[in-house]
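For reference, the structure discussed in these notes is given below.
Source: prediction; values computed, not measured.
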Amino acid sequence: MANTPLTLSIILSNDLLLSTAPYLHPKDISALSLTNKLINSLLASAQGVYRHIDLSPEKKEKPQDVQKLVSPTILSATRTLVLDFTLVTVPQLESIIYSSNITLLSIRGCKGIDERALMTHLPSERSTKLKGIYYFTDPAPTTSRFVQKPATKLSNEWALAISNCKDICFDTRVCRGSKHQIDEDDYIEPRISEIKLEGGCSGCGLNPPSQGLPNVLVAPAPLHSSTIKAACKGVDGNPIADALRCELCVRERWCGGCGKWWCESCVADKKLVTRTCFECGFQCGECTAAASRICKSCKGGYCIAHNEGADDIQCEWCNASSARRGTSATASNAFLTSAATSYYAMIQQTRPANTFVKSPAAASYRGGVGGRNFQNETIARRRALMNN
């Protein structure tokens, strides 16, 4: 065997083809088969070349129609089908689910899916080989919010749909938090889990129990296996032990910035997270201090992460006002939001240049626009919305 010369057929063994195929688009595999007769024969004889097919477009901005991407012949040999960010309808999904051998189906971020119609067509009783559906998880999750927000609009209805699908795993599960117990005073109807509580409680260090709960798919779908066992394990090959909760169950005891959380017994009557910025959500003291600033000019508070045009010293409106008094006409534009731009354009059109010196009202505009001139900010934003 040691003296056996290496040939192309030996180098391109079935193992190499099967390990490489999941990274290729079906069109690329077809093009590879046209290279020569030897490679064509190897691809034709290898079982499982089309086992894992990823049809998601490279750019989310340009979704593609799934019917134009794969033939029924290839689909019949597929076990894992990734359709993220493609144009697919519920009738097309129903055809895929019930007329193919698909085991794992990923439809995250798909365009054209009606959620209620999808719930209706889920295989709760009808026979199918489908064992797992990736739909809820965010392809680019931030901190421990692993479910994309658009998928939580029908959280209560999805909780019922997932509960009815006994033989199918999803990339989330129904929340098992204490607030969903009927005997609780602040009882909440069943909802899907949106938050992953990683590690232990920041107070006592204890981990929430996760034994005996339904399996959850770990996105993305595995490349080299199409079994539920492999799909429910993390990158290290171990099952995910993190507790999953809905946002209502962890409100005011989970930080949306760093992901730290506190158990209900540690929180008690304490308020360990606050919401100083609407877009940041509830955050712990460390995350709030890192993003919150007090404007040196108007003394108003602002978030440096979401206050466009602000810096560590001034908020965006005071920055815009300071730049307005500068010698460079382009300097002010670097700080202006669309609303502020409309506001200053309105001032230029309605007031002559000399009124900024003679008019008391104009002097107030020149003196700076900050937290104390909130009415001016509101007017600017309303006019900007009307112009759009």
Return all side-chain donor-acceptor pairs below 3.5 angstrom for residues 213-226, not counting sequence neighbours, or 'none' if the list is empty.
residue : atom : partner : partner atom : Å
S225    : OG   : T227    : N            : 3.4
S225    : OG   : T227    : OG1          : 3.1
S226    : OG   : R51     : NH1          : 2.7
S226    : OG   : T80     : OG1          : 2.7

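The structure places OG of S56 at 10.0 Å from CG of L81, a figure rounded to the nearest 0.5 Å. The NE2 atom of H180 sits 10.0 Å away from the CZ atom of R176 when rounded to the nearest 0.5 Å. Considering CG of L104 and OG1 of T78, their distance stands at 12.0 Å, rounded to 0.5 Å. Going from atom CD of Q283 over to atom SG of C258 covers 8.0 Å, rounded to the nearest 0.5 Å. Atom OH of Y135 and atom CG of L118 lie 6.0 Å apart (nearest 0.5 Å). In this structure, W254 CH2 and R245 CZ are separated by 14.0 Å, a value rounded to the nearest 0.5 Å.
Follow the hydrophobic side-chain contacts under 4.5 Å out from L105 and you never reach Y134; the two are in separate clusters. Using a 4.5 Å cut-off between side-chain heavy atoms of Ile, Leu, Val, Met, Phe, Trp and Tyr, with links allowed through other members, Y98 and I168 fall into the same hydrophobic cluster. Follow the hydrophobic side-chain contacts under 4.5 Å out from I162 and you never reach L248; the two are in separate clusters. Connection of L55 to I113 is established within a shared hydrophobic cluster, with ILVMFWY side chains joined at heavy-atom distances below 4.5 Å, either directly or through further cluster members. When the side chains of ILVMFWY residues are joined at heavy-atom separations under 4.5 Å, either directly or via intervening members, V174 and I228 end up in two distinct hydrophobic clusters.
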Practice task
Take I29 and I74 through the test side-chain contact (heavy atoms from CB on, under 4.5 Å) and record every step on the way to the result.
Solution key: CA-CA 11 Å; I29 298 177; I74 294 178; over 6 Å; no
Problem - Trace of the side-chain contact (heavy atoms from CB on, under 4.5 Å) decision for D28 with Y23 - result: CA-CA 10 Å; D28 297 329; Y23 298 94; over 6 Å; no
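Minimum interatomic distance between L122 and A161 (heavy atoms only, all atoms of both residues): CD1-CB, 4.3 Å. Contact record, C175 with C246: SG-N, 3.2 Å, taken as the closest heavy-atom pair. Nearest heavy-atom pair across Y302 and C295 is CE2-N, 3.5 Å. The minimum heavy-atom distance between G199 and N207, with the atom names listed, is O-OD1, 2.9 Å.
Ring pair F136/W158 is perpendicular by interplanar angle, where above 60° counts as perpendicular and below 30° as parallel.
By the side-chain contact (heavy atoms from CB on, under 4.5 Å) test, S265 is found to be paired with C263, residues two or more places apart in sequence or in another chain being considered. Every residue two or more places apart in sequence or in another chain that forms a salt bridge (Lys or Arg N to Asp or Glu O under 4.0 Å) with R191 is listed here: E194. Scored by the side-chain contact (heavy atoms from CB on, under 4.5 Å) test, I294 finds no partners at all (sequence neighbours excluded). Remark: E252 pairs with no residue by the salt bridge (Lys or Arg N to Asp or Glu O under 4.0 Å) rule, at least two apart or across chains. D54 meets the salt bridge (Lys or Arg N to Asp or Glu O under 4.0 Å) test with no other residue; sequence neighbours excluded. The salt bridge (Lys or Arg N to Asp or Glu O under 4.0 Å) check on R275 picks up nothing, with sequence neighbours excluded. With sequence neighbours left out, T274 forms a side-chain contact (heavy atoms from CB on, under 4.5 Å) with T276, T288. Legend: residues meeting side-chain contact (heavy atoms from CB on, under 4.5 Å) with D114, ordered by chain and number and at least two apart, are R116, A117.
Looking at heavy atoms from C-beta onward, T172 lies out of side-chain contact with T137 at the 4.5 angstrom threshold. Considering only heavy atoms from C-beta on, W261 comes within 4.5 Å of C201 through its side chain. With a 4.5 Å cut-off on side-chain heavy atoms, T120 and V90 do not count as touching.
Side-chain atoms of T89 never come within 3.5 Å of backbone atoms of G112 as a donor-acceptor pair (strictly under, hydrogens ignored). A donor-acceptor pair under 3.5 Å is formed between the side chain of S155 and the backbone N or O of I192. A donor-acceptor contact shorter than 3.5 Å links the side chain of T128 to the backbone of I97. Side chain of S100 to backbone of S76: no donor-acceptor contact under 3.5 angstrom is found. Looking only at distances, no side-chain donor or acceptor of Y50 sits under 3.5 Å from a matching main-chain atom of A21.
The stretch residues 73-91 participates, sequence neighbours left out, in these salt bridge (Lys or Arg N to Asp or Glu O under 4.0 Å) pairs: D84-R108. The salt bridge (Lys or Arg N to Asp or Glu O under 4.0 Å) contacts involving residues 258-267 comprise R253-E264, K260-E286, where partners must be two or more places apart or lie in separate chains.
The other residues sharing a hydrophobic cluster with V273 are W262, V267, L272, F282, where clustering joins ILVMFWY side chains under 4.5 Å apart.
Screening T86, I96, L93 for a side-chain contact (heavy atoms from CB on, under 4.5 Å) involving I107 leaves a single residue, L93.
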